[in-house]
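Protein chains get the first letters and strands the later ones, always in sequence-line order, with residue 1 at the start of each.
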Amino acid sequence: MGLTYQSTGQLTTREMFDAKSDNCDYIIALAGNPNTGKSTVFNALTGLRQHTGNWPGKTVQRAEGNYIYKSHRYRLIDLPGTYSLLSNSADEEVARDFICFARPDATIVVLDATCLERNLNLALQVMEITNKVVVCVNLIDEARRKKIQVDAAKLSERLGVPVVSTAARSNEGLPRLIELVSDVASKRVCPKPQPVSYSKDLEEAIARLEPRVRDVIGKDINPRWLTLRLLDGDTRLLQAIENHLNAGRTAPVVHGRRRDYSNGA
Amino acid sequence: MSDTITLNCLGNGSIALVKEVVAEGLTRRRLLDLGLVPGTKVEVIRRSPVGDPIAFNIRGAVIALRREVAGKVLVSPWG
Ligand SMILES: Nc1nc2c(ncn2[C@@H]2O[C@H](COP(=O)(O)OP(=O)(O)OP(=O)(O)O)[C@@H](O)[C@H]2O)c(=O)[nH]1
Ligand SMILES: [Mg+2]
């Protein structure tokens, strides 16, 4: 990569994602495995006042909508359902790039309460990128029917992020979800995700590489996560970073709230 | 190890435990992300008439894999 964070000044802006930050105070992403109820949560929160279209340059459907809570305006972005953020399908790149580069004020990870084991993989991957996560254990009514109990408090303690159980189709738990999202977005609550620890060899490699990654990229992208991707040989992510660096330099400035980069690089 | 076969060789309704994923690169990443780590129980839900793709139950989700990709997963039949 020829470009560095310092040479271009700033990484990226939300405007690149068309997530226009005018007319809203907070940007909230909705992530989750396919079919976990993301769109149901989305519709319940935004009251179906959604705007659908495609992601810039991709044929992946996207929906965004707004809601107001305690006189703050929230913009909700429904990300494509994925099992992972690492396998480089178009859907996964959209979800990853949004969380990584648009840096939402909070990301809601919607899990299927009836198969948490499979769903937690994505939650952990999101939590490696950002700490601003609220976990929404949805389909809790289905789980009850199958005699599955989910201890949300325990899960929250183990993950290090707020957790709420919901049945989005019947609005159960959604008021609490809105409250938790507000806590995280406004920074009243600062989640501390349990870091995923890797094998000794890998941790040694991370320890060697991470300080250098930090020097180059600053703190806008979680340096530990980026180090892991480098060790993974994830060239698509490097390409995405380079695109965003270039675009950050040439993108027209769109009015609206901008991130404060002044103490960045 | 004599009972090790690949995931694509299982018949409808049979169950197996994952021993190893022998794919490389992105295919390996994808298989691991789908939950196919050693020790995972996998059930064959249905094979399409031509035998490709094959639908599996992996950790509570029904997931279709191409025969070629399923061939990269070593399993031992269970039960
Ligand atoms: N019983 C029950 N059903 C739900 C709940 N939430 C969503 N559903 C149903 O689950 C199905 C999938 O919901 P969606 O909201 O479309 O899920 P999604 O995550 O947006 O799915 P993709 O966008 O395809 O990944 C729909 O039939 C919903 O009505 C819930 O809390 N309880
Ligand atoms: Mg949806």
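A salt bridge links Arg29(B) with Asp232(A): the closest approach of a Lys/Arg side-chain nitrogen to an acidic carboxylate oxygen falls below 4.0 angstrom.
Interface remark: Thr114(A) contributes no atoms to any contact with chain B (heavy atom separation under 4.5 Å).
Taking 4.5 Å as the limit, some side-chain heavy atom of Arg118(A) sits within range of a side-chain heavy atom of Ile63(B).
For the atom pair SG of Cys115(A) and CD1 of Ile58(B), the computed distance is 12.0 Å after rounding to the nearest 0.5 Å. In this structure, OH on Tyr83(A) lies 11.5 Å from CG on Asp33(B), to the nearest 0.5 angstrom.
When each of Thr82(A), Leu86(A), Asn121(A) is scored by its heavy-atom pairs under 4.5 Å with chain B, the top score falls to Leu86(A).
Sparse packing is recorded around CD of Glu68(B), with 12 or fewer heavy atoms of other residues, nucleotides or ligands lying under 6.0 Å away.
At distances below 3.5 Å, not a single donor-acceptor pair connects side-chain atoms of Arg59(B) with backbone N or O atoms of Glu117(A).
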